[in-house]
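As C-alpha cells, the structure follows; a few thoughts come after it.
In what follows, every chain begins at residue 1, and chains take the letters A, B, ... in the order their sequences are listed.
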Protein chains: 2
Amino acid sequence: MEIGQGLTLAERIRDKFESLTRAERQLANAMLENYPVSGLGSITAVAEASGVSSPTVARMARKLGFGGFPELQAELRAELEATISNPIVKHDRWAENAPDTHILNRFADAVMDNMRQTLRHISPEAFNAVVTLLSDRDRDVYVVGGRITRSLADYFFTHMQVIRNGMTLIAPNSNTWPHYVLNMQAGDILVAFDIRRYEHEISRLAEMAKSKGVTLVLFTDQWGSPAAKHATYSLHSRIEAPSAWDSSVVTLFIVEAVMAAVQTATWEETKDRMKTLEGLFDRTKMFRKFT
Amino acid sequence: MEIGQGLTLAERIRDKFESLTRAERQLANAMLENYPVSGLGSITAVAEASGVSSPTVARMARKLGFGGFPELQAELRAELEATISNPIVKHDRWAENAPDTHILNRFADAVMDNMRQTLRHISPEAFNAVVTLLSDRDRDVYVVGGRITRSLADYFFTHMQVIRNGMTLIAPNSNTWPHYVLNMQAGDILVAFDIRRYEHEISRLAEMAKSKGVTLVLFTDQWGSPAAKHATYSLHSRIEAPSAWDSSVVTLFIVEAVMAAVQTATWEETKDRMKTLEGLFDRTKMFRKFT
DNA sequence: ACGGTTCTGAAAAAATATCTTCAGAATAAA
DNA sequence: TTTATTCTGAAGATATTTTTTCAGAACCGT
C-alpha cells in the first residue's frame with residue numbers, strides 16, 4: 001500500500017487529527033466511523049453524511065496532503081483493493097492495527113466478555129426496582145464506596161446530584177460514618193459499592209443503616225460482597241481482567257445505565273435542573289446536547 | 001441488501017450476461033475480475049480499465065436495471081459496506097430477559113459500539129508510548145481531572161500509586177494548581193482527563209506544565225479537548241450514550257488497559273510493592289489473587 | 001455483395017461534482 | 001468587554017463526469 005507517504009488514509013487522519021479544526025474533526029470521525037466505505041461517495045455526499053460543508057471536505061483533503069478530494073478518494077480505493085484482495089480479514093481483532101496479543105486486544109476481549117456475562121445474569125426486575133427507588137425524591141440517598149470503588153461512588157454521586165436533590169456522598173474515613181447514620185431515616189436509600197477485597201466497614205455500615213429502616217442497594221462483583229446479606233437489591237458485575245487488578249468497566253456500565261434510567265423516569269422534574277446546570281456550564285455552545 | 005431486485009450487482013451481471021453485447025461482455029468481465037473495487041472509479045476510469053467507451057458503461061448500467069451509472073455505483077458501495085462492516089454487531093439482545101428497548105440493552109449497544117469505534121481509532125504507537133513514559137520511575141506523574149472526569153483521575157491515581165512512587169493527584173480546586181506546577185520538573189508527566197464540557201482551566205494547566213518541560217498525556221473524547229494542542233499523546237475514546245450525559249465506560253477501559261500494560265512492563269520492580277500492599281489489606285485470605 | 005439491423009465510440013450537451021471566494025460566525029487574545 | 005484571528009459554509013465559478021446524439025463500423029441473413 002505504498003501510496004502517498006506510505007500511510008493509509010486512516011493513519012494520516014490519526015496523525016493529523018490534533019491539527020484539525022472542529023468541523024474537520026467531525027468529518028474525520030465520520031470517515032473513520034465506517035471506514036473506508038464512508039469516504040467513497042461524492043464530496044457532497046460525504047459532506048452531508050458528516051454534517052459539514054463540501055469545502056470543509058476539500059480543505060481537509062488538502063490538509064492531509066492530497067491534491068484534492070478526488071486524490072484522497074483514489075487512495076481510498078487503492079487501500080480497499082489491497083484489503084479486499086487480501087483474504088485474511090480478521091474480524092475478531094478489536095484494534096486492527098495492533099497484534100492479537102497486544103494488551104489492548106486482550107483487555108478488550110476480557111471486558112467484552114464481562115459485559116456479556118453480566119448482562120446475561122442481571123435481573124431486569126432488580127434493575128427496574130433500583131431505578132424506581134432512586135427515582136423517588138422523597139427518599140434521601142447516601143452513597144458510599146471503598147478504597148477502589150470510591151471513584152465509582154464519586155462518579156455516581158456527581159451525576160445523581162444533577163438529577164435530584166437529597167444526595168449525600170459519605171466521606172472515605174469510616175470513623176465518621178456513624179454520624180451519617182444519625183441522619184438517616186426510614187425509607188432512605190444507601191447505595192454502596194463493594195467489590196472484592198471486600199471492606200468489612202461497609203458491611204458494618206450497611207448493618208447500621210438497615211437497623212434504621214434504610215434500603216440498601218449494592219453494586220458488587222459476581223461473587224457478592226458480604227454486605228449483600230443486608231442488601232435489598234444487589235447488582236452484580238463481572239470484573240475479571242488480564243491484570244493484577246479487577247476491572248471496574250462493567251460496574252461503571254451498570255452505574256451509567258441506572259443513571260440513564262433514573263434520568264428518563266424522572267425527566268419531567270429533572271429537566272429544569274439540567275437546563276439550569278447546562279446554562280451554568282455551557283460557556284461555549286460548541287457541543288451542546290440540548291437546544 | 002435489499003436493493004434493486006434484491007440481487008447483488010455480480011448476480012445481476014451473471015443473470016443478464018447472455019443478453020449483453022460484445023463490448024458489454026468485455027466490460028462485465030472486467031468488472032467481475034476485481035469485484036467490487038473495479039467498479040468504484042469514475043465512469044471514464046471504469047471504461048478505460050475495461051477497454052471500452054464510457055457510453056458502453058452507461059448503457060450497461062441501464063440494461064442491468066439501474067437508472068444510470070451513479071446508481072449502479074451506489075449499489076456497489078452499499079454491498080461493500082455490508083461486506084466490510086463488522087459481523088459481530090448484530091448480537092441483537094444483550095440482556096436476554098429484558099426487551100430490546102430496555103435501557104440496559106440500548107445502553108449496552110451504545111457502549112459496545114463505543115468500544116469498537118474507539119479501538120479502531122486508537123493508535124497502538126501512542127498507547128505504547130504512553131505506557132513507556134508511565135513506566136519510567138524517574139519521572140514524577142501528576143494526575144488531574146475535571147468536574148466529571150475527576151472520578152477517573154482518582155481511579156487512575158489510586159491504582160498507579162500501587163504500581164509506582166512519585167504519583168501526585170492534583171486537587172480539584174484550580175486555584176491551587178500553580179503550586180503543583182512549582183514542583184514540576186522537566187521530564188515529569190502530567191496525565192490530564194478532559195472530556196466535553198472541556199474545562200479551560202485544564203488547558204491552562206497543561207500550558208503551564210508544558211512550559212516547564214513536562215510531557216502531557218491526555219485522556220479525552222473523540223472530538224479532542226482544547227488541551228490536546230499541548231499534549232504529546234492524546235488517547236481518544238468514544239463517549240456517546242442514550243442518555244443526557246456522556247459515557248465514561250470506554251475511557252475507563254483505556255485507563256485500565258494502560259495500567260495493565262504499565263504493570264506488566266514494570267512487573268519486576270512492582271511485584272514487591274504489590275505484595276507488601278496485599279499483605280496490608282488482605283486480612284481475610286478468602287479472595288487473594290497472588291500466592 | 002447488398003440492405004437492414006445492431007452496436008460502438010467520438011464528440012457535444014447536460015448534469016454533477018469540485019473548488020474558490022468571501023462574508024459572517026466562532027474563537028482566542030488583549 | 002473589544003479586537004484580531006481563525007474557521008465555516010453559502011453561493012458562484014470551474015472542472016469533471018455522465019449522458020445523449022449520431023455517424024460510421026460490424027454483423028447478419030439473403
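- Residue B:R77 qualifies as enclosed at atom CZ: its count of foreign heavy atoms under 6.0 Å is above 12.
- Both B:P226 and B:T56 lie close to DNA chain C; mapped to their nearest nucleotides by heavy-atom distance, the more 5′-ward contact belongs to B:T56.
- Residues passing the side chain to side chain donor-acceptor pair (under 3.5 Å) test with B:E71, sequence neighbours excluded: none.
- Note: CG (B:L27) to P (C:dC7) measures 15 Å, nearest angstrom.
- In this structure, B:W223 places its CH2 atom 19 Å from C1' of D:dC7, rounding to the nearest Å.
- If you take CD of A:E24 and P of D:dT6, they are 14 Å apart, rounded to a whole angstrom.
- Residue A:E48 contributes atom CD, which lies 13 Å from atom C1' of C:dT16 at whole-angstrom precision.
- Between the side chain of B:R150 and the backbone N or O of B:G145 there is no donor-acceptor pair closer than 3.5 Å.
- A donor atom on one side chain and an acceptor atom on the other are found under 3.5 Å apart for A:T56 and A:S53.
- Applying the side chain to side chain donor-acceptor pair (under 3.5 Å) test to pairs two or more places apart or on separate chains, those with a residue in residues 180-194 of chain B are B:D194-B:S225.
- Seen from the ring of A:F17, A:R12 does not count as a face-on cation partner, given the 6.0 Å and 45° thresholds.
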Letter by letter from the 5' end, nucleotides 18-27 of chain D scores (B base, S sugar-phosphate only, - none; protein heavy atoms under 4.0 Å) BBB-------
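- By the side chain to side chain donor-acceptor pair (under 3.5 Å) test, A:T266 is found to be paired with A:T270, residues two or more places apart in sequence or in another chain being considered.
- Regarding B:R25, its CZ atom lies at a distance of 13 Å from the C1' atom of C:dC7, rounded to whole Å.
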For residues 38-52 of chain A, which side-chain donor-acceptor pairs fall under 3.5 Å, sequence neighbours excluded?
{"unit_1": "A:S38", "atom_1": "OG", "unit_2": "A:M31", "atom_2": "O", "d": "2.9"}
{"unit_1": "A:S38", "atom_1": "OG", "unit_2": "A:N34", "atom_2": "O", "d": "3.2"}
{"unit_1": "A:S42", "atom_1": "OG", "unit_2": "A:T44", "atom_2": "N", "d": "3.4"}
{"unit_1": "A:S42", "atom_1": "OG", "unit_2": "A:A45", "atom_2": "N", "d": "3.1"}
{"unit_1": "A:S50", "atom_1": "OG", "unit_2": "A:V46", "atom_2": "O", "d": "2.7"}

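- The interatomic distance linking B:M60 (CE) with C:dT8 (C1') rounds to 15 Å, in whole Å.
- In the helix from C:dA1-D:dT30 to C:dA30-D:dT1, the rotation axis of the first five pairs and that of the last five pairs differ in direction by 40°, rounded to 10 degrees.
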